[in-house]
Amino acid sequence: MTNSPEERRMLIGGQWVEAADGATFETVDPATEKVLATVPWARGADVDRAVRAAREAFEPGSAWRKMPPSARGRIIHKIGDLILEHRDELALLESKDNGKPVSFAGFADVPMAADTFHYMSGWATKIEGNTIPMSSASPGRFLSFTQREPLGVVAQIVPWNYPLLMAAWKLAPALAAGCTIVLKPAEQTPLTALRLGELIQEAGVPDGVVNIITGDGSTGAALVAHPDVNKVAFTGSTEVGKEIIRASADNVKKVTLELGGKSPNVVYADADLEKAIAKSAEAIFFNQGETCFAGSRLYVERSVHDEVVAGLKAAAEQITVGAGTEPTTVMGPLVSAEHFDRVMEYVESGVAEGATLCTGGRRVGDKGYFMAPTIFTDTKPHMRIVAEEIFGPVLVVLPFDSLDEIVAIEKDNPYGLAAGVFTRDIDKAFHTASAMQAGTVFVNTWNTVDAALPFGGYKQSGWGRELGHAVLENYLETKSIIAELGR
Ligand code: NAD
């Protein structure tokens, strides 16, 4: 069966297959609005087939279950090597499918995906239990210890903003833990996950351990509802995250969630303002603002408000908006027509609610989903542009006089993914960091993530942590074994 670049197949049980009923959908280049490829549309029968393949690969005695941890680690490491070997190809594919600048995909998405596999490969040999002394019996009567075991068949559902990287964040730790997987990339951007599937095969992962099925929300919902899935790991919107919690109740699946954000960024008057302006612009405009931890809500101390806004406006207006495949592009198109309309609707609501459009707020060109970097001032916490996640290149600025004011507004922020603070005063920096209800706090920086650092959300930004050794908890069970020694 062919698996051509224009007519992709999906990966089930080591085979590249069409959907059982032959259904397909198209994935579109958001810069040209042209179809890049057709992809199978997995429905109930395909989901079932993929889950059965993953279950079979998880059975005791399977090649995967019998594999020593060091061999598992080497295979995971090899996936990272293969990603780096195919860096340019993957960066170009990501740029075409998602719209992001190819240069950014080449220095951020692809090497960070490789790094995730490299980092996680080391954990395969370090999954350990403990021997634990008991006080409920005299010493020496029992030997009691814990054993860590892979959780089983894991459903992993990822969004379109960092398609390859999000797939890596999910797959690498689940493989390190010894689970088997059914991964569903987003319908807007399935192509790099499918290419990754080929590299995973080349690295020597046994058939059925990683299955990659393509489809939309209905495919994801069928996967979450499947009775033989032990765990769901989801990255996406808070709204769908809540649906997943409800849908997982029937067989009490374990669930971890990486959800939305509306991350506050605080600039104090004593900050290095040149740096604060450059980093705050990057915090919102990097990846077209399509970043879950984008610094989308900027608090600026009143005495430097006008200076910082002027600097941000200049920075925004210098950004080259264009096709991701052009080497000079800094901001590509938004991912889809639907998302473009959604973001523009927020811009209209901001104007209607009385905020001042400082720059941007308009389409760029007449083909593709390009939008100018946008900044609103004179905003109020109740406005939709301030209260809700926009997930596009739209920054809202609020002046402040004291940290208490920010804390009072942030109390009502449903999200808690990230926060940032710019100041030269170390006390102020850490006092502000402690006051923020967020899983990650950046001090005098932004957009810095690392495979070794736990990442995740407070409040409605999620359950559990990705990355670091913390993520392994998502994919392991703990078994306590108590043996009576008979004395
Ligand atoms: P989305 O929730 O619409 O879709 C995400 C994925 O879920 C897609 O693969 C989609 O097909 C699938 N899906 C949709 N409905 C489903 C259902 N009922 N059951 C199961 N799966 C379903 O989100 P999106 O618009 O693709 O992505 C943007 C959102 O993702 C933003 O809110 C963003 O903040 C969030 N995000 C969070 C993180 C993080 O690490 N916290 C990272 C990236 C994106």
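Treat the numbers as computed from the prediction; the structure is a model and nothing was measured. Numbering of ligands and ligand atoms starts at 1, following listing order.
- Considering each of E290, E338, E258, the one bringing a non-hydrogen atom nearest atom 40 (O) of ligand 1 is E258.
- No donor-acceptor pair under 3.5 Å is formed between the side chain of D412 and the backbone N or O of I409.
- A cation-pi arrangement, defined by a distance under 6.0 Å to the six-membered ring centre and an angle within 45 degrees of its axis, is present between R363 and F340.
- Interatomic distance, F376 CZ to T359 OG1, rounded to the nearest 0.5 Å: 10.5 Å.
- When only non-hydrogen protein atoms are considered, atom 36 (N) of ligand 1 lies nearest to C292 CB, 3.5 Å.
- If you check the side chains of Q460 and K242, you find a donor sitting under 3.5 Å from an acceptor.
- Here is the list of ligand 1 atoms found below 4.0 Å of a heavy atom in V158: 6 (C), 8 (C), 9 (O).
- The shortest N or O to N or O distance between Q188 and ligand 1 is not under 3.5 Å.
- The residues E410 and K262 are annotated as not salt-bridged, no charged nitrogen and carboxylate oxygen being separated by less than 4.0 angstrom.
- The residue L223 has no part lying near ligand 1, judged by heavy-atom distances below 4.0 Å.
- Listed by atom number, the atoms of ligand 1 under 4.0 Å from A186 heavy atoms are 9 (O).
- Considering backbone and side-chain N/O of G236, one or more are found under 3.5 Å from N/O of ligand 1.
- Taking a 4.0 Å cut-off on heavy atoms, F455 registers as neighbouring ligand 1.
- In terms of modelled atom types and a separation under 3.5 Å, the side chain of N447 and the main chain of E282 share a donor-acceptor contact.
- Against a heavy-atom cut-off of under 4.0 Å, D216 is close to the following atoms of ligand 1: 11 (O).
- Checking only distances, W169 never comes within under 3.5 Å of ligand 1, N or O to N or O.
- Ionic pairing of K100 and E290 is not present here: no N-O contact between side-chain nitrogen and carboxylate oxygen is shorter than 4.0 angstrom.
- Here atom 18 (N) of ligand 1 lies nearest to E243 when heavy atoms of E243, R342, Q156, K262 are compared.
- Side-chain contact check for T235 and K170: at least one donor-acceptor pair (N or O, by modelled atom type) lies under 3.5 Å.
- For ligand 1, the polar-atom distance check finds no N/O of S461 at less than 3.5 Å from any of the ligand's N/O atoms.
- Residues E6 and T38 form no side-chain contact, since every pair of their non-hydrogen atoms from C-beta on lies 4.5 Å or further apart.
- Summary of contacts: the protein heavy atom closest to atom 3 (O) of ligand 1 is S237 OG, 3.9 Å.
- Listed by number with element, the atoms of ligand 1 under 4.0 Å from a non-hydrogen atom of L417 are 41 (N).
- Within ligand 1, counting atoms from 1 as listed, the ones closer than 4.0 Å to a heavy atom of F234 are 2 (O), 5 (C), 6 (C), 7 (O).
- Residue contacts with ligand 1: K184 is placed with a nitrogen or oxygen under 3.5 Å of a nitrogen or oxygen of the ligand (distance criterion only).
- By the 4.0 Å N-to-carboxylate-O rule, E345 lies too far from R342 to be salt-bridged with it.
- Residue-to-ligand polar distances place E187 within reach of ligand 1: an N/O pair is separated by less than 3.5 Å.
- Taking any N or O of L259, backbone or side chain, at least one lies under 3.5 Å from an N or O belonging to ligand 1.
- When each atom of ligand 1 is checked for a heavy atom of G217 under 4.0 Å away, the hits are 11 (O), 13 (N), 14 (C), 15 (N), 16 (C), 17 (C), 19 (N), 22 (C).
- With no hydrogens or angles considered, a side-chain donor-acceptor pair links N265 and S280 at under 3.5 Å.
- R55 places a side-chain N or O within 3.5 Å of a backbone atom of D228 that can act as its donor or acceptor partner.
- Here E466 has no heavy atoms under 4.0 Å from ligand 1, in either its backbone or its side chain.
- Of the heavy atoms in H339, none comes closer than 4.0 Å to ligand 1.
- Interface atoms of ligand 1 facing I157, defined by a heavy-atom separation under 4.0 Å, are 6 (C), 7 (O), 9 (O), 12 (C), 20 (C), 21 (N).
- At the top of the distance list for atom 34 (O) of ligand 1, counting protein heavy atoms only, stands E389 OE2, 2.6 Å.
- A donor-acceptor pair is defined here as one N or O able to donate and one able to accept, closer than 3.5 Å; such a pair exists between the side chain of W64 and the backbone of C179.
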Passes side chain to side chain contact (heavy atoms under 4.5 Å, CB included), M344 versus D341? Steps please.
-> CA-CA 5 Å; M344 290 305 281; D341 290 345; 5.7 Å; no
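- Assignment of Y162 to the shell around ligand 1 is not supported, since no heavy atom sits closer than 4.0 Å.
- Checking G220, A155, P190 against atom 20 (C) of ligand 1, the nearest heavy atom belongs to G220.
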